Amino acid sequence: MRVALVYNHQPQTLAVAQKLEHELLASGIKINADQPNVVISIGGDGTLLSAFHRYLPLIDDVRFIGVHTGHLGFYTDWRDFELAELVKALKQRQPETVSYPLLEVRVKEDHRVRYYTALNEASIKGGYKTLEAEVDIKGQFFENFRGDGLCVSTPTGSTAYSKSLGGAVIHPTLKALQMTEIASLNNRLFRTLSAPVVIPPDQWITLKPKARPDLLLVVDGHRVRHRQISELDFSISKHMIHFDRFKYTHFWNRVRDSFLGQDS
Ligand code: NAD
């Protein structure tokens, strides 16, 4: 087993990372940041997102474990005081994983095509101007969108930005993508569905934005720069993210704890 540790630089997290590294080495587990088969993120959901993007080239061969040093996250199951139990589980138990769908974004510029993979979502915004885009679903015209932007999320991303946009919370084992609107314009001239759309694995969403150099494409909270986007395709990736299942919080309990609190 080769373990990579990814952590943020908050003092509390650094202390946990140091302790975990010590416990892993003491139990004979190798630390290998270049070719790991287990990636442990220490911090919050943002740290797990960074770990995911860092190890994306190895996505089929690694399993992720999230240790949270703040409040319970959506990608982080272990508490910082459970490190000994975590190391013991790694050492003694057969790997058991749960896998969740990822989003693939294909971005067409004039002369090139680029691909991105998202764990949470990708959104396209018009910057300070209205985004105007034709929306097609599975190659068929669906609507002309005008508004601030559109967001396409994975099931695990449905509790993140997508939820703030009025999207449904989707169980992460469902293979689906959800498109939500960001402040759409609806009046006598312009009309959008004004509701989230959920598509199955054999479908994809194409956006054909009115070309402008200042369109904003954000993947998992990070801006990716393009000169002139002519088309974007959003589909379910053929890759999935694998999480270790040594410790597993029931999804709806996690949703309840995060958004409703213990006493509701
Ligand atoms: P960040 O890392 O500061 O995260 C913002 C919050 O989103 C944190 O509380 C984090 O725990 C939570 N979060 C992240 N992924 C989640 C998930 N799958 N389910 C539930 N909560 C989740 O922000 P950032 O680095 O700018 O972006 C990271 C992610 O945070 C983005 O992918 C986006 O989904 C989310 N985000 C949400 C909003 C919003 O809801 N208005 C705004 C910004 C970012």
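Positions are given from 1, in the same order as the sequence printed here. Not measured: the values here are computed from a predicted model. Just follow the structure's listing: the first ligand is 1, and inside any ligand the first atom is 1.
- Between Y75 and T156, the side chains place a donor N or O and an acceptor N or O closer than 3.5 Å (distance only, hydrogens not considered).
- Taking the ring centre of F246 as origin, the terminal cationic atom of K88 falls outside the region bounded by 6.0 Å and 45° from the ring axis.
- Listed by number with element, the atoms of ligand 1 under 4.0 angstrom from any heavy atom of E121 are 31 (C), 32 (O), 33 (C), 34 (O).
- Under the 30°/60° scheme for interplanar angles, the aromatic rings of W252 and H171 are found to be tilted.
- Applying the 4.0 Å criterion to heavy atoms of Y75 picks out, from ligand 1, the atoms 18 (N).
- The aromatic rings of F52 and F64 sit tilted, their planes meeting at an angle between 30° and 60°.
- The nearest heavy-atom contact from the protein to atom 16 (C) of ligand 1 is A160 CB, 3.5 Å.
- Looking only at heavy atoms of the protein, atom 12 (C) of ligand 1 is closest to D45 OD2, 4.1 Å.
- Atom 4 (O) of ligand 1 is not flagged as protein-proximal [any protein heavy atom, distance under 4.0 Å].
- For atom 21 (N) of ligand 1, the protein comes within 4.0 Å by at least one heavy atom.
- At the top of the distance list for atom 36 (N) of ligand 1, counting protein heavy atoms only, stands Y161 CB, 4.3 Å.
- Between T154 and the choices D220, I241, I170, L103, the side chain to side chain contact (heavy atoms under 4.5 Å, CB included) rule is met once, by L103.
- Less than 4.0 angstrom separates atom 44 (C) of ligand 1 from none of the non-hydrogen atoms of the protein.
- Set against the non-hydrogen atoms of L49, the atoms of ligand 1 under 4.0 Å away are 28 (C), 29 (C).
- Nearest protein heavy-atom contact of atom 24 (P) of ligand 1 is G221 CA, 4.3 Å.
- From the protein, the heavy atom lying nearest to atom 19 (N) of ligand 1 is T159 OG1, 2.7 Å.
- For the residue pair Q35 / D61, no side-chain donor-acceptor distance below 3.5 Å is found, with atom types taken as modelled.
- Taking a 6.0 Å sphere around CZ of R2, one finds it holds more than 12 heavy atoms contributed by other residues, nucleotides or ligands.
- Among all protein heavy atoms, the one lying closest to atom 2 (O) of ligand 1 is G46 CA, 3.9 Å.
- P196 pairs in a side chain to side chain contact (heavy atoms under 4.5 Å, CB included) with only one of the listed residues (M179, Q178, E181), which is Q178.
- For atom 29 (C) of ligand 1, the candidate residues are L165, V219, N8, N120; the nearest heavy-atom contact is made by N120.
- At a distance under 4.0 Å, a protein heavy atom can be found next to atom 32 (O) of ligand 1.
- Atom OH of Y116 has more than 12 neighbouring heavy atoms from other residues, nucleotides or ligands inside a 6.0 Å radius.
- Protein heavy atom nearest atom 39 (C) of ligand 1, with residue, atom name and distance: S164 OG, 3.4 Å.
- Aromatic pair F259/F74: centroids less than 6.0 angstrom apart.
- Residue contacts with ligand 1, taken as heavy atom pairs separated by less than 4.0 Å, involve F74 solely via side-chain atoms from C-beta onward.
- For atom 7 (O) of ligand 1, the nearest protein heavy atom is 4.0 Å or more away.
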